[in-house]
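Proteins get letters first, then strands, A, B, ... in listed order; numbering begins at 1 in each.
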Amino acid sequence: MSEYMDELETTNGVDNPEVAESEQIEQRRAKLEYWRSQGVDPYGSRFVRSHSASEILEGFEQLEGSDVSIAGRVMAFRGHGKASFLDVHDLSGRMQVYAKADHLGEDIYSQIQQIDLGDIVGVEGTVFRTRRGEVSIDVKRLTLLTKALRPLPDKWHGLKDVDLRYRQRYVDLMVNADVRRTFLTRSKIVSAMREFFTSRGFIEVETPAMHALPGGAAARPFITHHNALDMQLYLRIATELHLKRLIVGGLERVYEIGRVFRNEGISTKHNPEFTMVEVYQAYADYEDMMELTESLVVQCALAATGSTVVKYQGKDVDLTPPWPRVTMNQVVLDHTGVDFMSLTDEEARAAAARLGLEVAKDATRGVCLNEAYEELVEAHIINPTFVTDYPIEISPLAKRRTDCPQLTYRFEAVCVGRELANAFSELNDADDQRKRFEAQVAEREKGDDEAHVMDDDFVCALEYGMPPTGGMGLGVDRLIMLLTDSASIRDVILFPLMRPKDQPE
RNA sequence: GGGCCGCUAGCUCAGCUGGUAGAGCACCGGACUUUUAAUCCGGGUGUCGCGGGUUCGAGUCCCGCGCGGCUCACCA
């Protein structure tokens, strides 16, 4: 390890090995020597399992009396003198293991008494049911596969400290079954997405995560540097512009489930890196994207919960299509009584002020409308709803409406007060796109550091011709929050970003 | 960034107005041959987040800092 890396090393809240270890760790280290003295490698090798714990429980009628082998972590130990019970957990669940001195011999039995909670073992024995009715394995041979040097958290209360749960997710996963369940559900949801897109003829692609120009969203990027090229790079804030280049190239239906990075605040709904799925379909429009979004979310909900009605933080949410559609102007009118689209820019600013909104002196009607929507309306939409016809000023990549050039063919799918998905008929007029970028650059020069930069190559791609295209982006973590009833995005991200607990030096 | 709350044993938590730091689980020793939060007997294992200050004396009061949670702000 280089000196440079040494400087980066932190302990991240885990005990510093230079400090004297706790008594329990010392005791467990002594067990390491015990096992070695017994000729047992405390970090053993492969072990062939015949069954998982749940397979034995479910197949008991057929398996009773036959020999099986399982492996897992010892999570409980109940000794009764010359007989003991161990709970061994694998991913599928829990299996009770019965160790009896008469069956094993005194020497082997006393060896098993040296097993600690947290040790990983292989168990070979006979399936039976105890007097109390519990399916168990009468162990014939128990093999230590891995010695655990650290004690497990409280067997009853588990690991509750939120800080430790995120920093030491491995412990969280060991002891908290609901956490395991959430991440298994996450995996099912992502699989369901891939199946959904595949069944509709989409191909999965991978575009660069390091961009020379950040684009495709309004967000501040992370900046990094490539040494050999001596070049500033940005971690991507969206996959949009590269995916649309692929539509130009003729791939017709593409999607990417990709990590994006935004250098912004952290909250229960924001992690600096998060997963977004973006999908683009040639010859489609934003109405096709509505149908696609509804169907995608339904398929994910069925995969996660088996139902299209879910409970989120005490609220019932009905995801059954079709979802209602309402224009942004109409929904704002309904909530505030203000018909922004009938006003001039100046009247709109006055109306916004009357609603208690702070808008810039030169804010346009569209900006005021969007402000009113985001501040006063969005949070009240619980059941999934398509809010359509976004103002053009805040939609630099969306196609202009032919019937109202100040609005776009764009919608956001809103649910439990949050944006779930964002979609539009993609702007494919290269000259219009260049003007939109120029307007964004002007905003940037006025101090909006989240406005787009000019992307000449993207405009060049559009000049080659991009077919009419519908595109949609959806925050995967937020969908998973909804479908797993998770209050915080950190509960659906295995390793959320945390400050190191101890600064080096 | 603001406000509120938290940080005490491996884990979950008590610790009143300042007076030698506690419980349950885990752990250690002993008993116990179908238990399951096993039970029974004995044992407390600690940098009270870190650093200052006040005080005869600080887990407790004051100041600063660190990390976290909630919330507001920010955030397509």
Rounded [atom1] spacing from [N] to [M] in Å:
N      : M      : atom1 : value
B:rA26 : B:rA37 : P     : 12 Å
B:rG15 : B:rC56 : P     : 28 Å
B:rC70 : B:rA58 : P     : 36 Å
B:rG64 : B:rU54 : C1'   : 15 Å
B:rG3  : B:rG46 : C1'   : 33 Å
B:rA73 : B:rC61 : C1'   : 33 Å
B:rU45 : B:rG22 : C1'   : 13 Å
B:rG44 : B:rA9  : C1'   : 8 Å

Answer yes or no: is there an ion pair linking [X] with [Y], defined by an N-O contact shorter than 4.0 Å?
X      : Y      : value
A:R73  : A:D119 : no
A:K147 : A:D116 : yes
A:E426 : A:K244 : yes

Inset, instruction - Report yes if the distance between the aromatic ring centroids of A:H335 and A:Y373 is under 6.0 Å, otherwise no. - result: no
If you check the [X] side chain, which of [options] turns out closest?
X      : options                : value
A:Q96  : B:rU35, B:rC28, B:rC13 : B:rU35
A:L117 : B:rA26, B:rA37, B:rU36 : B:rA26
A:K160 : B:rG10, B:rU12, B:rG24 : B:rU12
A:D116 : B:rC28, B:rG10, B:rA37 : B:rC28

Counterpart base for [N], defined by Watson-Crick or G-U wobble contacts under 3.5 Å:
N      : result
B:rG57 : none
B:rU20 : none
B:rG66 : B:rC7
B:rC27 : B:rG43

Could you tell me the separation between the [atom1] atom of [X] and the [atom2] atom of [N], rounded to a whole number of Å?
X      : N      : atom1 : atom2 : answer
A:M95  : B:rU36 : CE    : P     : 18 Å
A:Q114 : B:rC28 : CD    : C1'   : 12 Å
A:M75  : B:rU36 : CE    : C1'   : 14 Å
A:K100 : B:rU33 : NZ    : C1'   : 5 Å
A:W156 : B:rA37 : CH2   : C1'   : 5 Å
A:Q113 : B:rC28 : CD    : C1'   : 15 Å
A:D119 : B:rA26 : CG    : P     : 16 Å
A:H157 : B:rU12 : NE2   : P     : 10 Å

Legend entry - Aromatic plane relationship, A:Y98 with A:F128 - under 30° parallel, 30 to 60° tilted, over 60° perpendicular: tilted
Inset, instruction - Measure the acute angle between the ring planes of A:F411 and A:Y286, then classify it against the limits of 30° and 60° as parallel, tilted or perpendicular. - result: tilted
Inset, instruction - Taking atom CZ of A:R141 as the centre, report whether more than 12 heavy atoms of other residues, nucleotides or ligands fall under 6.0 Å from it. - result: no
Inset, instruction - Using a 4.0 Å heavy-atom cut-off, write out nucleotides 68-76 of chain B from 5' to 3' as B (base contacted by protein), S (sugar-phosphate only) or - (no contact). - result: SSSS---BB
Inset, instruction - Under 4.0 Å between any heavy atoms, over every strand shown, what does A:F128 touch: base, sugar-phosphate, or nothing? Just pick one. - result: base
Inset, instruction - Would you check if A:D389 and A:R401 make a side-chain contact, meaning some heavy-atom pair closer than 4.5 Å? - result: yes
Legend entry - Check: A:Q96 and A:R78 side chains under 4.5 Å, non-hydrogen atoms: yes
Report yes if at least one side-chain N or O of [X] is closer than 4.0 Å to OP1 or OP2 of [N]; otherwise report no.
X      : N      : answer
A:K155 : B:rA38 : yes
A:R78  : B:rU35 : no
A:R132 : B:rU35 : yes
A:K31  : B:rC27 : no

Legend entry - Test applied, side-chain contact (heavy atoms from CB on, under 4.5 Å); reference residue, A:V387; option that passes from A:Q330, A:M328, A:E419, A:R410: A:M328
Legend entry - Residue met sooner reading RNA chain B from 5', once A:R129 and A:G158 are mapped to nucleotides: A:G158
Legend entry - Polar pair under 3.5 Å, donor/acceptor by atom type, side chain A:D154, base B:rG10: no
